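What follows is a single structure, written as structure tokens, with notes after it.
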Amino acid sequence: MPDLAPLRAAEASARRRKPLWRRALVFVLRAVVVFVVGSLLWVALYKFVPPPFTLTMAGDVIGGHGVTKRWMPLSRIDPSMARAAIAAEDSRFCQHHGFDIDALEQAYRRNQKGGRIRGGSTISQQTAKNVFLWQGGGYFRKGMEAWFTVLIENIWGKRRIMEVYLNVAETGIGTYGVNAGAMRYFKHDASRLTSHEAAQIAAVLPLPKKRAAIDPRGFTRRYGNTISKRIGVVAGGGLDACLR
């Protein structure tokens, strides 16, 4: 029987002689494959299972605020809430495929003039960030957000995106989802929201730690009144057609 020890030693030596750049490339390629497959499975799971926890919620727990959330299917949430979200956050939600280029360009032009910084993120982008990522900016996080936005648009579809958004969006300090928000502010669940109440919750969404839907003041009250008027436009114009 031939002695295989020299052959094995030669193979081991050849592996050790592989250039560093090649070993690094193999490591990176494997990491990319693991990330892509893992993120696909993660998103596919949440198509059917409510996200149990998010990094934003973890931040509230660490900050000592606690977390209150009450999941409610989109079919039970009063339609005025989704319409209020579309009116306030993303009027072309049913038309775009995750990204609203016109809104991004408008936000960029406004921000170039100075004053309060405004974003152009769609509801799909906000959902991707809220569920899978962390708050804050940075090009890396934005790139990750874009990747998960593409995935949820293609795997979940619009109804699931809106359902998850309305259940994980922060509606007050330590309060997540419009159902928990409705219980906190109006003492009833989201199935019985009036258009005015839905608009008040939608007015809180951009800055939930600084605004309150109950007895709103100043800008929040004016913004809520504006959203309330837009709800009829969303319904009449079929801007929520993808949710019906």
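No experiment lies behind these values; they were computed from the predicted model shown.
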For the pair Gln125 and Asp90, evaluate side-chain hydrogen bond (donor to acceptor under 3.5 Å, both in side chains) and give the outcome as yes or no after the intermediate values.
CA-CA 10 Å; Gln125 289 175 271; Asp90 187 359; over 6 Å; no
Going through the checks in order, is the side chain to side chain contact (heavy atoms under 4.5 Å, CB included) test met by Val67 and Tyr176?
CA-CA 7 Å; Val67 169; Tyr176 291 86; 3.9 Å; yes
Checking side-chain hydrogen bond (donor to acceptor under 3.5 Å, both in side chains) for the pair Trp134/Thr56: CA distance, chi angles, key distance, verdict?
CA-CA 6 Å; Trp134 58 93; Thr56 307; over 6 Å; no
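Note that OG of Ser91 and NE2 of His96 are 8.5 Å apart. Values are rounded to the nearest 0.5 Å. The CG atom of Leu151 sits 12.0 Å away from atom OG of Ser124, with the distance rounded to the nearest 0.5 Å. Atom CG of Asn154 is separated from atom OG1 of Thr149 by 11.0 Å, given to the nearest 0.5 angstrom. The structure places CG of Leu243 at 10.0 Å from CD1 of Ile161, a figure rounded to the nearest 0.5 Å. Here the CH2 atom belonging to Trp147 is positioned 5.5 Å from the CG atom belonging to Leu40, to the nearest 0.5 angstrom. Distance CD/Gln200 to OG1/Thr171: 13.0 Å, rounded to 0.5 Å.
Residue-environment remark: NE2 (His188) exceeds the threshold of 12 foreign heavy atoms within 6.0 Å. For Arg160, the CZ atom is densely surrounded, since the number of other residues' heavy atoms within 6.0 Å is greater than 12. More than 12 heavy-atom neighbours from other residues, nucleotides or ligands sit within 6.0 angstrom of NZ on Lys47.
A salt bridge between Glu163 and Arg159 is absent, with no side-chain N of the basic residue lying under 4.0 Å from a carboxylate O of the acidic one.
Side-chain atoms of Val164 and Trp71, non-hydrogen and from C-beta on, do get closer than 4.5 Å to each other. Looking only at side-chain heavy atoms (C-beta outward), Ser80 and Glu197 stay at 4.5 Å or farther from each other. Here the side chains of Arg192 and Phe186 are not in contact, with every heavy-atom distance at 4.5 Å or above. In this structure, the side chains of Met81 and Ile201 come closer than 4.5 Å at one or more pairs of heavy atoms. Residues Phe132 and Ile152 have side chains in contact (heavy-atom distance under 4.5 Å, counting atoms from C-beta outward). Put simply, the side chain of Glu170 reaches to within 4.5 Å of the side chain of Asp60, judged on heavy atoms. Counting heavy atoms from C-beta on, the side chains of Ile77 and Ser191 never come closer than 4.5 Å. In this structure, the side chains of Gln126 and Glu145 stay at 4.5 Å or more apart for every pair of heavy atoms.
Legend: salt bridge (charged side-chain N to carboxylate O under 4.0 Å, His left out) pairs involving residues 231-244, not counting sequence neighbours, sorted by first then second residue: Arg83-Asp240, Asp240-Arg244.
Hydrophobic clustering (ILVMFWY, side-chain heavy atoms < 4.5 Å, transitive): Val61 and Val168 are in distinct clusters. Val32 and Trp42 fall within the same hydrophobic cluster, where Ile, Leu, Val, Met, Phe, Trp and Tyr residues are linked whenever their side-chain heavy atoms come under 4.5 Å apart, directly or through other members.
Between Ala84 and Ile227, the shortest heavy-atom distance links the atoms O-CG2, 3.7 Å. Contact between Ile123 and Ala85 at its shortest, heavy atoms only, is CD1-O, 3.9 Å. The two residues Ala88 and Ala202 make their nearest non-hydrogen contact at CB-CB, 4.1 Å.
Ring planes of Phe148 and Phe35: perpendicular class, angle over 60° (limits at 30 and 60°).
A distance-only check finds a donor-acceptor pair linking the side chain of Lys69 to the backbone of Pro52 [under 3.5 Å]. Side-chain atoms of Asp189 never come within 3.5 Å of backbone atoms of Met183 as a donor-acceptor pair (strictly under, hydrogens ignored).
In summary, of the residues considered (Thr68, Thr175, Asn179), a side chain to side chain donor-acceptor pair (under 3.5 Å) with Arg184 occurs for Thr175 alone. Partner of Arg23 under the side-chain contact (heavy atoms from CB on, under 4.5 Å) criterion, out of Leu25, Val26, Leu20: Leu20 alone.
Under a cutoff of 6.0 Å and an axis angle of 45°, Lys158 and Phe93 form a cation-pi pair.
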